[in-house]
There are 2 protein chains.
Amino acid sequence: MRDGRLQVLLWQRALAPFAAAFALPGGYLLSGETLEDSIRRHLAEKVDVRELSHIEQLVTTGDPVRHPDEWQVATAYLGLIPSDLDPELPGDTGWYPVDQLPETAFDHGAIILAGRERLRAKLSYANIGFALAPRSFSISQLRDLYAAALGHEVSATNLQRVLLRRELLEPTGERRASGPSGGRPAALFRFRSHSLEITDQFAVLRPPV
Amino acid sequence: MRDGRLQVLLWQRALAPFAAAFALPGGYLLSGETLEDSIRRHLAEKVDVRELSHIEQLVTTGDPVRHPDEWQVATAYLGLIPSDLDPELPGDTGWYPVDQLPETAFDHGAIILAGRERLRAKLSYANIGFALAPRSFSISQLRDLYAAALGHEVSATNLQRVLLRRELLEPTGERRASGPSGGRPAALFRFRSHSLEITDQFAVLRPPV
DNA sequence: CAGGTTTTCTACTTATAGTCGATAACCTAG
DNA sequence: CTAGGTTATCGACTATAAGTAGAAAACCTG
């Protein structure tokens with residue numbers, strides 16, 4: 001989440017194929033290397049990987065048409081960075097809104113959309129919000145974050161009750177100072193756990209009718 | 001589902017490594033081959049792949065410790081065969097209960113359990129029952145199938161109502177002749193669709209308290 | 001202190017799922 | 001042909017989760 005929108009880190013290619021198109025960070029596996037190690041190694045060239053709050057395997061494609069010259073098998077991972085961290089980026093990379101992608105290289109456009117779907121699903125049946133939200137936040141902040149990620153309005157009242165019932169959130173006991181235009185100061189919450197936990201319910205926050 | 005239990009097709013290895021241990025069917029990718037094509041090709045040596053009612057990618061592991069001699073990257077798929085099909089099997093393969101696995105080769109034991117978890121989850125928020133059940137079935141049959149796959153008791157009344165509400169089932173209009181010990185003949189149902197569809201609900205059939 | 005703003009709470013409604021007992025529709029034995 | 005056993009189905013009730021709306025709380029500024 002950057003700028004109130006779901007954005008993805010892309011890198012503008014210099015060389016063919018797909019010169020000038022935008023690609024996900026990545027690269028080749030070294031012999032004997034774990035997939036996740038390799039992802040982290042390649043990503044480290046772009047951002048500080050200690051900032052990753054969550055990473056999970058997304059999909060593996062071996063479709064021969066995905067690369068024009070070479071036959072490749074590629075495994076994509078979904079990685080998340082909390083909204084309050086703002087990593088230094090090299091000049092050829094930047095954040096791009098997922099719902100307004102530039103022209104992408106290879107099959108990266110489809111992979112990004114698959115990642116968004118995975119994220120949306122896990123917002124509804126897991127505690128994956130911890131990977132997007134800052135360590136401490138108000139319910140209104142969290143509502144805006146969920147709304148942007150899910151792509152539809154979310155009720156703050158309902159969100160708070162659902163996440164508290166599932167025991168995913170706990171109050172920090174602090175309150176945020178109210179803004180310049182006044183208003184009641186918001187109580188702050190945090191996620192109880194910062195590792196992925198699946199709930200036994202699903203229907204968090206369908207779009208309002 | 002075979003014999004009222006969730007079973008997996010395994011193949012007893014003849015050669016080292018893991019000689020005599022049981023392994024999932026599979027093999028090496030050919031150059032230029034799609035992952036799914038490769039799976040179907042290797043599987044065809046064991047069973048008629050036209051009997052597969054569903055197939056989906058499960059997980060890719062590149063952990064160097066998974067094979068003692070060689071560095072491998074392997075992608076596992078989950079494939080399902082309806083309970084009323086009984087493929088001819090070569091002598092070195094057979095069905096083995098997932099909750100009572102023999103000694104497995106490589107990391108195949110963990111992969112099988114991951115497959116079971118995927119299946120259980122999709123029974124709860126998708127129509128994946130179509131891939132396990134016969135084309136036409138009574139609610140009691142379906143209850144037994146769900147109970148065996150989920151690992152806990154399931155109420156037939158509730159199952160029928162939930163699946164009908166989600167519009168996943170439809171009555172065929174036929175009834176099965178009652179068994180030798182009598183009883184009311186059961187109405188027959190079928191799945192409306194035989195391709196995977198995600199529902200917007202989740203909590204089908206939690207274990208009874 | 002009045003009026004505006006944001007947050008939070010409470011009550012109500014709706015949707016979905018879980019449970020239990022009654023009833024229906026068949027069988028076989030006598 | 002009927003009594004009693006068996007399996008399937010239905011209906012009513014309960015429990016839980018989620019969606020909505022409006023009132024109240026807690027701050028701000030002028």
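Owing to the predicted nature of the structure, the values given are computational and were not obtained by experimental measurement. The chains referred to below are lettered A, B, ... by the order of the sequence lines, with proteins before strands, and numbering in each begins at 1.
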| query | What is the distance from CG of A:Leu163 to P of C:dT8, rounded to the nearest Å? | reply | 14 Å
| query | When the distance from CG of B:Leu168 to C1' of C:dA17 is rounded to whole Å, what number comes out? | reply | 15 Å
| said: Between P on C:dA15 and CZ on B:Arg165, what's the gap in Å once rounded to a whole number? | reply: 10 Å
| task | Using whole Å, report how far CG of B:Leu159 lies from P of D:dA8. | result | 13 Å
| remark: Separation of C:dA17 atom P from B:His152 atom NE2, nearest Å, is 14 Å
| said: Between A:Asn158 and D:dA18, is there a contact of a side-chain N or O with OP1 or OP2 at under 4.0 Å? | reply: no
| query | With A:Asp86, which residues qualify under side-chain hydrogen bond (donor to acceptor under 3.5 Å, both in side chains), at least two apart? | reply | none
| query | Among A:Phe191, A:Phe130, A:Tyr146, which residue meets the ring pair (Phe, Tyr, Trp, His ring centres under 6.0 Å) test with A:Phe137? | reply | A:Phe191
| said: Test side-chain hydrogen bond (donor to acceptor under 3.5 Å, both in side chains) on A:Gln7 and A:Tyr96; report intermediate values, then the result. | reply: CA-CA 5 Å; A:Gln7 309 214 24; A:Tyr96 297 89; over 6 Å; no
| request: To the nearest Å, give me how far apart CG (A:Leu169) and C1' (C:dT8) are. | output: 15 Å
| task | Please report, rounded to the nearest Å, how far the C1' atom of C:dT8 is from the CG atom of A:Leu142. | result | 15 Å
All N/O contacts under 3.5 Å from nucleotides 9-12 of chain D to the protein, with atom names and distances to one decimal?
residue	atom	partner	partner atom	Å
D:dT9	OP1	B:Ala187	N	2.4
D:dC10	N4	B:Thr157	OG1	2.9

| field | A:Arg135/A:Asp84 ion pair, N-O < 4.0 Å | value | no
| note | Heavy-atom closest pair (A:Ala133 atom, A:Leu142 atom, distance to 0.1 Å) is CB-CD1, 4.0 Å
| So does A:Glu153 pair up with A:Arg143, basic N to acidic O under 4.0 Å? | no
| said: Without decimals, in angstroms, what is the distance between B:Leu150 CG and C:dA17 P? | reply: 14 Å
| query | Can a side chain N or O of A:Arg166 be found less than 4.0 Å away from OP1 or OP2 on D:dA18? | reply | yes
